[in-house]
Amino acid sequence: MSYPLSRRHLLALATTPLAAAPRPSGLIIDTHIHMFARDRKRWPLHPDSTYDPDTRDLEDYRKFIAESRIDHAIVVHPEPYQDNHEYLEYCFQHEPSPGFFKGTCLLDPVLDETPGRMAAMKKKYGNRLVALRIHAMNKPDVPPLKSGPITNRDLRDPRVKRVWKAAGDLGMAVQTHFLPHHAPEIGALAAEFRGVPVILDHLARAGMGTAADYEEVLKLAKFPRVFMKYAAIHYSSKDGYPYADAKPLVRQAYEAFGPDRMIWGALGYTMPEFDQSAELLNLMFDYASEADRAKIRGLTAKKLFAF
């Protein structure tokens, strides 16, 4: 599941003074934004919604983009809408500038009709649709769900293989939102379908597993089409901003995947959030060259998502 920012993270934003920071140079692509309409009569949450989100309306986001001058963004279709993609389509139709948005879809990977639905969506949205997102957030002692809300499916289910292959056939990636102990299951799929790009969300939530679990995540770097998303680092920290305890995890990911397979996401919806995200990237990657940080900020995502 994807959750709104935690109370601890919001408190950090409120109590950490930040002067208006200059925009980072070069291309900036936010590879992970969720959009939630203010008008819930027109775009209601799905009955199987896994959480009640804060409003992140497109009209507000358009104003933020005018201030931040982010170049592109990936709308990660969220669980509160489940497999209803009407608001995603609205975002495509009313984007801040032509070609600004691309997006992901959420469909049940263990349903027989999912490959056909993916193909229909790809035909409708073309290269706007870049990935299918699959959730595997169940803890080791909790079995995956077989039905109900589209979340926490069994990555070992043979039907997931069909969906994974279908993504590759359609020129799409598979975006995985998972707890670290699921890394071997993702590795098995990446090994079988080596041509399919795989995106690991939120630093694989490295702090929500054991050190051994994270070692398995880092092993996924041996597959050249697996990408690590540097985003939502607070999930991997027990401290407040600037999440110093998570910095070694970020560096391990950098050393394993390199800047050509790391992308940046969850940059925020307000200028204070954006400024803090930019500052945090420089803190987390202070050992990396400016050229490598430019790749993480946008150049790698430009190639991956064909902007």
Cation-pi check, [X] to [Y]: give yes when NZ or CZ is under 6.0 Å from the six-membered ring centre and within 45° of the ring axis, no otherwise.
| X | Y | result |
| --- | --- | --- |
| R128 | F92 | yes |
| R251 | Y287 | yes |
| K161 | F193 | no |
| R205 | Y235 | yes |

Side chains of [X] and [Y] only: does a donor on one sit below 3.5 Å from an acceptor on the other?
| X | Y | result |
| --- | --- | --- |
| R62 | H94 | no |
| S49 | Q82 | no |
| Y81 | E86 | no |
| T114 | D108 | no |

To check you understand the geometry: which heavy-atom pair defines the closest contact between H46 and D83, and what is its length?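 Closest approach of H46 to D83: NE2-OD1, 3.9 Å.
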Do you know which two heavy atoms are closest between K238 and G207, and how far apart they sit?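 Scanning both residues, the minimum pair turns out to be NZ-O, 4.1 Å.
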hydrophobic_cluster_shared for [Y] and [X], side chain cutoff 4.5 Å:
| X | Y | result |
| --- | --- | --- |
| V75 | L106 | no |
| F307 | L304 | yes |
| Y243 | F285 | yes |
| I28 | M262 | yes |

Residues [X], [Y]: salt bridge by 4.0 Å N-O rule:
| X | Y | answer |
| --- | --- | --- |
| D169 | K165 | yes |
| R156 | D154 | yes |
| D157 | R159 | yes |
| R23 | D275 | no |
| K295 | D260 | yes |

Does [X] use its side chain to pair, donor to acceptor, with the backbone of [Y] at less than 3.5 Å?
| X | Y | value |
| --- | --- | --- |
| T55 | D57 | no |
| E95 | G99 | yes |
| K229 | L203 | no |

Could you check whether any side-chain heavy atom of [X] comes within less than 4.5 Å of a side-chain heavy atom of [Y], counting everything from C-beta outward?
| X | Y | result |
| --- | --- | --- |
| M35 | Y269 | yes |
| Y87 | F36 | no |
| P78 | Y51 | yes |
| I74 | F305 | yes |
| P109 | W164 | no |
| V174 | V196 | yes |
| T176 | V198 | yes |
| C105 | R133 | no |

Measure up the Y61 and F64 rings against each other and bin them: parallel (under 30°), tilted (30 to 60°), perpendicular (over 60°).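 The rings of Y61 and F64 sit tilted, inter-plane angle from 30° to 60°.
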Supply the atom-to-atom distance F178 CZ to I134 CD1, rounded to the nearest 0.5 angstrom.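 Here the rounded value is 12.0 Å.
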ILVMFWY cluster membership beyond L111 - transitive side-chain contacts under 4.5 angstrom: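 Members other than L111 - counting any ILVMFWY side chain reachable under 4.5 Å - there are none.
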Could you check H34, H182, H202, H77 and say which one makes a ring-ring contact (aromatic ring centres under 6.0 Å, His included) with H177?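 Filter result, single survivor: H202.
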Return each pair, listed once, that meets salt bridge (charged side-chain N to carboxylate O under 4.0 Å, His left out) where at least one residue sits in residues 296-307; pairs must be two or more places apart or across chains.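 For residues 296-307: E290-R297.
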Show the numbers, then the answer: is there a ring pair (Phe, Tyr, Trp, His ring centres under 6.0 Å) between Y230 and Y254? CA-CA 9 Å; Y230 164 76; Y254 174 81; over 10 Å; no
Given T50, which partner from the list E79, M137, H135 fulfils the side chain to side chain contact (heavy atoms under 4.5 Å, CB included) test?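 Single side chain to side chain contact (heavy atoms under 4.5 Å, CB included) partner of T50 among E79, M137, H135: E79.
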